[in-house]
Amino acid sequence: MNANATPRRIENVQTDRGSLPVYATGTVEQPWDSYSATDHAVWQQLYQRQREILPGRASDAFLHAQDTMGMTPDRIPKFSDLNRVLGDATGWQIVGVEGLLPELVFFDHLANRRFPVSWWIRRPDQVDYIEEPDLFHDLFGHVPLLMDPMFADYLVAYGKGGVKAHGIGPEALMQLARLYWYTVEFGLIRQRDGLRIYGAGIVSSKGESIHSLESAAPNRIGFDLERVMRTRYRIDSYQQTYFVIDSYEELIEATLPDFTPIYERLREQDAIPAGSVLGTDAVFQRGNGEGWASDGDV
């Protein structure tokens, strides 16, 4: 990997056809000395806000891992500091990137225990919502659970599976993307004291941290691998359905087998709308659908 000398901030492009993603492929050194006082203030604001609402909502494993990592609450952490702790715990490393990565590049990083983190952080006017993943989403939301050996192994297995799916075709990639979306980004876990959050898209969002557990609108359904891989999702609103795992071991057991026969089976089945509840689902809550859009599933 060759690190680009001058990091860029790469964001989606707004066109008359909507928002279009822009991809970068290289890795970059974190330009820590170039962060402004505003950048550090945005990190501090977001960090403090999330840590105030996550106790009792985020999984015990997430909170413990984040505390163990020693993320600095008052300023943007240095990747090099976190990498020493992360490497000792599970062998993972953070690599700086400029924005979204092409699928195969992303899968290769995961398969080799490298987690891409955008080097730049959102602006103050984007505190409550930003379309693409920034440093706060990646670092605060994703990185802590890489301290958990079981979850860390799950992401390695996912990365290796992604490399293989890339060679199979676009349908396989979409089905695998749904698995990532409903686990790594928007997953819930059942603890002895109730449902908790572990997905990065939730733990890094104040609104969705509350909505995912306390709103009557969404469905909360027990995890089933092929059900998840058939289920469409929303990118422009809170999720209509959240899937609940019993443990990170469940994810490992689900993803270790060869997915080729699964892709073959799913090819003959229709995709499931994001808000649907099936008769075979293990339902924790059937949502009332309040505020749902009627179209726009991915």
Side-chain angles (χ1 to χ4, degrees), residues 6-12 24 27-89 92-100 114-148 151 184-187 196-214 238:
T6 305
R8 302 165 297 169
R9 173 176 174 147
I10 296 181
E11 299 178 78
N12 292 355
T27 60
V28 299
E29 293 296 327
Q30 183 190 25
W32 196 88
D33 290 336
S34 70
Y35 290 131
S36 67
T38 299
D39 292 332
H40 290 297
V42 168
W43 169 270
Q44 181 179 33
Q45 178 185 355
L46 290 168
Y47 186 97
Q48 291 179 344
R49 184 170 76 174
Q50 287 308 107
R51 284 305 303 241
E52 286 175 1
I53 68 171
L54 288 180
R57 293 189 174 99
S59 71
D60 292 343
F62 176 88
L63 294 172
H64 174 73
Q66 196 172 64
D67 289 339
T68 303
M69 289 200 78
M71 285 192 181
T72 46
D74 58 332
R75 64 188 185 278
I76 295 171
K78 293 182 178 180
F79 295 175
S80 57
D81 291 342
L82 298 180
N83 276 340
R84 284 192 286 272
V85 180
L86 193 55
D88 289 342
W92 275 79
Q93 294 285 279
I94 299 163
V95 292
V97 295
E98 297 174 311
L100 291 173
R114 300 185 300 262
F115 196 87
V117 174
S118 296
W119 70 266
W120 52 269
I121 195 164
R122 67 193 72 180
R123 300 186 303 269
D125 63 297
Q126 297 171 315
V127 161
D128 290 320
Y129 177 75
I130 184 170
E131 189 171 1
E132 50 272 299
D134 72 330
L135 180 145
F136 184 76
H137 169 85
D138 290 340
L139 198 58
F140 183 97
H142 280 292
V143 169
L145 276 180
L146 296 176
M147 294 283 289
D148 184 281
F151 191 82
V184 180
E185 290 289 359
F186 291 96
R196 295 292 184 267
I197 303 157
Y198 72 93
I202 311 178
V203 297
S204 60
S205 164
K206 177 183 178 181
E208 195 137 12
S209 293
I210 297 169
H211 175 87
S212 63
L213 293 177
E214 299 169 30
Y238 295 148

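One is the number of the first residue; the rest follow in order along the sequence.
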For the side chain of Glu208 and the backbone of Val203, is there at least one donor-acceptor N/O pair under 3.5 Å apart?
-> no

Do you know which two heavy atoms are closest between Ala65 and Pro144, and how far apart they sit?
-> CB-O, 3.1 Å

Rounded to the nearest 0.5 Å, what's the gap from CZ on Arg114 to CD1 on Ile94? Could you check?
-> 13.5 Å

Taking atom CD of Gln45 and atom CG of Asp74, what is their separation to the nearest 0.5 Å?
-> 14.5 Å

So, do Ile197 and Leu213 sit near enough that their side-chain heavy atoms are less than 4.5 Å apart?
-> yes

Which pair of non-hydrogen atoms, one from Pro31 and one from Ser34, has the smallest distance, and what is that distance?
-> O-OG, 2.7 Å

Distance col, row Leu145:CG vs Ser59:OG, nearest 0.5 angstrom, shows 5.5 Å

Aromatic rings Phe115 and His142: how do their planes relate, parallel, tilted or perpendicular, breaks at 30° and 60°?
-> tilted

Distance-only, no hydrogens or angles: does the Trp32 side chain make a donor-acceptor pair with backbone N or O of Ile76 under 3.5 Å?
-> yes

For Ser36 and Asp39, does a side-chain donor sit closer than 3.5 Å to a side-chain acceptor?
-> yes

Distance, nearest 0.5 Å, that separates CD of Glu29 from OG1 of Thr27 | 7.5 Å

Given Thr72 and Lys78, is the side chain to side chain contact (heavy atoms under 4.5 Å, CB included) satisfied, shown in steps?
-> CA-CA 9 Å; Thr72 46; Lys78 293 182 178 180; over 6 Å; no

Working for side chain to side chain contact (heavy atoms under 4.5 Å, CB included), residues Val143 and Val117 = CA-CA 9 Å; Val143 169; Val117 174; 4.0 Å; yes

Backbone of Ser118 reached by a side-chain donor or acceptor of Asp138 within 3.5 Å = yes

Could you tell me whether a side-chain N or O of Glu98 sits under 3.5 Å from a main-chain N or O of Arg8, the two making a donor and an acceptor?
-> yes

Take Tyr35 and Leu135, measure what side chain to side chain contact (heavy atoms under 4.5 Å, CB included) needs, and give me the verdict at the end.
-> CA-CA 12 Å; Tyr35 290 131; Leu135 180 145; 3.4 Å; yes

Hey, could you give me the CG/CE distance between Leu82 and Met69, rounded to the nearest 0.5 Å?
-> 4.5 Å

Salt bridge or not for Arg51 and Asp67, using N-O below 4.0 Å?
-> yes

ring-ring contact (aromatic ring centres under 6.0 Å, His included) partners of residues 42-89, not counting sequence neighbours, each pair once = Trp43-Tyr47, Trp43-Phe136, Tyr47-Phe140

Taking the side chain as every heavy atom from C-beta outward, state whether Gln50 and Gln66 have any atom pair closer than 4.5 Å.
-> no

May I ask you to decide if Ile202's main-chain N or O and Ser209's side chain share a donor-acceptor pair within less than 3.5 Å?
-> yes

Are the side chain of Glu132 and the backbone N or O of Glu11 linked by a donor-acceptor pair below 3.5 Å?
-> no

Between the main-chain N or O of Ile121 and the side-chain N or O of Arg9, is there a donor-acceptor pair closer than 3.5 Å?
-> yes

Locate the shortest heavy-atom distance separating Ile53 from Arg57; write the atom from each residue and the value.
-> O-NH1, 2.8 Å

Rounded to the nearest 0.5 Å, how far does CZ of Arg122 lie from CD1 of Ile130?
-> 5.5 Å

Using the side chain to side chain contact (heavy atoms under 4.5 Å, CB included) rule, take Lys206 and Glu52 through it: C-alpha gap first, then chi angles, then the decisive distance, then the call.
-> CA-CA 10 Å; Lys206 177 183 178 181; Glu52 286 175 1; over 6 Å; no

Could you tell me which non-hydrogen atom of Ala89 sits nearest to which non-hydrogen atom of Met147, and how far apart they are?
-> CB-SD, 3.8 Å

